[in-house]
Amino acid sequence: SEILSIKLIEAIIKPVEDNNTGHFTLNSFKEIEGIINNMDVLAIGPGIGVDEERIELIKKILLNYKKTVVLDADGINCISRGDPDILLHRKGSTIITPHLGELSRLLEISIGEIQKKLMEYSKYTSNKYNIITVLKGANTIVSNCGEDIYINPTGNPGMATAGSGDVLTGIIASLIGQGVEPYEAAMLGVYCHGLAGDLAKVDKGEYGMIGRDILNNIPHSIKILE
């Protein structure tokens, strides 16, 4: 937490006891619960890691936290390795933001098979687990449990870079925290994220783009929408 406090001047850091492991532990659940119960939305997954203890920790958070969760990266991998059906027992809305590999592990279906029917598998996932699915790719797809599906027109191949998906998770969570309904937040977040990537492309080109370039262009993308 000290490193993050130094690097992220504006961020509010909430340290949690880790017993010198360097990662979240099951013993810290009560402490985590006390922190998150006052929050309007959670983004869980990027960088959290996957092991039996963290699988159980993610499960307990998902089942005890009653508001919206945006689940990404190792958050998705933890429930894939554990019990994905816990999503059906959540009290709040859930948004998952997988790339093809993460969705493949969740559904236990090959990437090649999913690629043949991207929209169908996005809808299948939403309906199977009663969640909003943001399937990241060349044209990111957003679907919910029901008839709605959105194919995003913004973005470019330069956005396939480390940290890009983490930025998207943060944008969607931020919009929900500001009172936007989860499905609308997912669509708007994906659009703004892609537009920020397009603005970064104008400035730096596709080849040299990094995740922080997308992040730095988020305010400009929102300004354009306004």
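- Under 4.0 Å is where a charged nitrogen must lie from a carboxylate oxygen, and between Arg81 and Asp74 no such pair does.
- Judged as a side chain to side chain donor-acceptor pair (under 3.5 Å), the pairs with a partner in residues 195-212 (not counting sequence neighbours) are, in order, Asn156-Asp198, Lys201-Glu206, Lys204-Asp213.
- The shortest distance between side-chain heavy atoms of Leu135 and Tyr121 does not fall below 4.5 Å.
- Asn19 and Thr21 are not linked by any side-chain donor-acceptor pair at a separation below 3.5 angstrom, with hydrogens and angles left out of the test.
- Residues Val142 and Ile149 fail the side-chain proximity criterion, which asks for heavy atoms closer than 4.5 Å.
- Here the NZ-CD1 distance, from Lys14 to Ile32, works out to 13.5 Å after rounding to the nearest 0.5 Å.
- Looking only at distances, a side-chain donor or acceptor of Lys136 sits under 3.5 Å from a matching main-chain atom of Thr97.
- The pair Lys223-Glu226 does not meet the salt-bridge criterion, since no charged nitrogen lies less than 4.0 angstrom from a carboxylate oxygen.
- Listed by first then second residue, pairs satisfying salt bridge (charged side-chain N to carboxylate O under 4.0 Å, His left out) with a partner in residues 170-193 number zero, not counting sequence neighbours.
- Lys30 meets the salt bridge (charged side-chain N to carboxylate O under 4.0 Å, His left out) test with Glu33; sequence neighbours excluded.
- With 3.5 Å as the limit, one finds a donor-acceptor pair spanning the side chains of Ser143 and Ser126.
- Heavy atoms only, all atoms of each residue included: Ile218 and Ser221 are closest at O-OG, 2.8 Å.
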